[in-house]
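Presented below is the structure to which this report refers.
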2 protein chains.
Amino acid sequence: MQTVKCATCLLKSKPAQNLEDSELAILGQSCVETVFEKGETIFKQDALSSNIIYLQTGLVKLMIKGPQRMQIIKLKKAPCFLGLPTTIGDKINHYSAVALEQTTACFIDLSLFKSLLRMNSDFSCEIILELCKNELDQFNRCVKLVQNQVFGRLATNLLNMANEIYRANEFDLPLSRNEFADLVCSSRETVSRLLSELNQEGIIEIRGKHIRLIDLNKLEDISRNG
Amino acid sequence: MQTVKCATCLLKSKPAQNLEDSELAILGQSCVETVFEKGETIFKQDALSSNIIYLQTGLVKLMIKGPQRMQIIKLKKAPCFLGLPTTIGDKINHYSAVALEQTTACFIDLSLFKSLLRMNSDFSCEIILELCKNELDQFNRCVKLVQNQVFGRLATNLLNMANEIYRANEFDLPLSRNEFADLVCSSRETVSRLLSELNQEGIIEIRGKHIRLIDLNKLEDISRNG
DNA sequence: GTTTAAATGTGATTCATGTCACACATTTAT
DNA sequence: ATAAATGTGTGACATGAATCACATTTAAAC
């Protein structure tokens, strides 16, 4: 039964914890679950969209087309909602989402989502809170982007993956060097060079995509002042 | 009577158009109006805050402390709400707001604001919409920041002021060269140089702070591809 | 009106990082 | 298994823009 499924699955997300059984039941009726393999596009910039996406499991990159090249604006890890800012204003996606590993996503009809917002004020307040947090994060990302050099941004993103995504100091990079460059807003060559340098100085250990953060203090320092 | 005042003033903002008379009356009771002169700080990063600010008239810069220097993240023109992202999560301001011209601001108690969000779902939906729009804007700003060079960002911001803030091709820059540099994420010297250059090429005309945009097409072009 | 301080313009210099070039490795297709 | 395609490391070089240094203008203070 889909109703049950929604109740057990969506409840992992903080805003949805405020939804009542009856509301979850409504959700369940128009909630479609889909599995995406690594590399598959979940939604695409400039395409029409009338869904909010709830990311049940997996990892996703959000990408936006710039004047020169594609850029990764952030990584999103399940459980979370995707595509609120892109869907709720007009019906056109202003960025793309691509799976970085096998990912389960539920498509929620936008009008249904909106009526949930109206029905349950605790739910909508949590959504507001999350949006506010996102905006702040984005502000800080911007500031770092300008005032730190590539070295600092690289360190920041490595730490971020360790702390927020994998919760471990050893993990496999979910991105190619090229994608990593798009994330830290640099070029493939520079990223490659700087990773080697960190490796030589014993701050990290890197073998292909596998990475181990060794000297966290030094990384923090580079992240702040680099 | 304060109640009347709120009804006539707040209604200019789109989200507040959804508030009912009774709700506006509640607002009026705990809404404090203050006038800020040019240069005065409305709220300050790292300080405690328990207010949402409604900007009635005027122009404000939002600034954030970076590892090296202060940076202007955006200009906000009345009428609008200020400080949602900074206040609603925790109680600490994550950025500062400073008046760029004489500005009238209403301080709204946060808990009151929150209860309005709960009471009136149309209101909260409009707020969500505005937050989503902000996040998108911020994404795009980030992308431009990285992929355009200073010339392009300069042009973008000039056009922005003409179109969004002053709605005229001739206006007085509300910022010093230093502040303008903080806005386009560059240095005072570079901004000065590039403005001179645009002036010499007859794309803009500049005399001190007074600026006139002449060749809008060329500016658009620089804004896109510069 | 004179003095002082702040804001601005412009040249010379330096540096981080993007770009080009190519070798090598790894994956995918045939 | 071999070929083709894609991803990666590293050197050489070019360049946008920050920084330093100083002249000059504008605004503020007395």
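Chain letters run A, B, ... following the sequence lines, proteins first and then strands; every chain starts at 1.
- Each ring pair (Phe, Tyr, Trp, His ring centres under 6.0 Å) pair with one or both residues in residues 180-226 of chain B, not counting sequence neighbours, would appear here, but there are none.
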- Task: Sugar-phosphate atoms are those with a prime plus P, OP1 and OP2; base atoms are the rest. Using that split, label each nucleotide of nucleotides 23-30 of chain C B, S or - for protein heavy atoms under 4.0 Å, 5' to 3'.
- Result: --------

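- Across the protein-nucleic acid pair, B:I206 atom CD1 and C:dT8 atom P stand 10 Å apart, rounded to whole Å.
- When the salt bridge (Lys or Arg N to Asp or Glu O under 4.0 Å) test is applied to B:E189, no partner is found at least two apart in sequence or on another chain.
- Every salt bridge (Lys or Arg N to Asp or Glu O under 4.0 Å) that B:K61 has, sequence neighbours left out, goes to B:E179.
- Judged as a side chain to side chain contact (heavy atoms under 4.5 Å, CB included), and not counting sequence neighbours, the contacts of B:P174 are B:L59, B:L100, B:M161, B:Y166.
- Contacts of A:E197 classified as side-chain hydrogen bond (donor to acceptor under 3.5 Å, both in side chains), with partners at least two apart in sequence or in another chain: none.
- Looking at residues 169-177 of chain B, you'll see B:S176, B:R177 sit with a heavy atom under 4.0 Å from some atom of DNA chain C.
- Residues forming a side chain to side chain contact (heavy atoms under 4.5 Å, CB included) with B:K74 (at least two apart in sequence, or on another chain): A:E135, A:F139, B:L62, B:K76, B:N134, B:Q138.
- A:D46 meets the side-chain hydrogen bond (donor to acceptor under 3.5 Å, both in side chains) test with A:K65; sequence neighbours excluded.
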N/O-N/O pairs, protein side and nucleotides 12-21 of chain C side, under 3.5 Å:
unit_1	atom_1	unit_2	atom_2	d
C:dT17	OP1	A:V150	N	2.9
C:dG18	OP2	A:S186	OG	2.9
C:dG18	OP2	A:S187	N	3.4
C:dG18	OP2	A:S187	OG	3.2
C:dG18	OP2	A:T190	OG1	2.7
C:dT19	O4	A:R193	NH2	3.1
C:dC20	N4	A:E189	OE2	3.4

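- With axes fitted over five pairs at each extremity, the angle between the ends of the helix from C:dG1-D:dC30 to C:dT30-D:dA1 is 50° (10° resolution).
- Listed by chain and residue number, nothing satisfies the ring-ring contact (aromatic ring centres under 6.0 Å, His included) test with A:F107 (two or more places apart in sequence, or in another chain).
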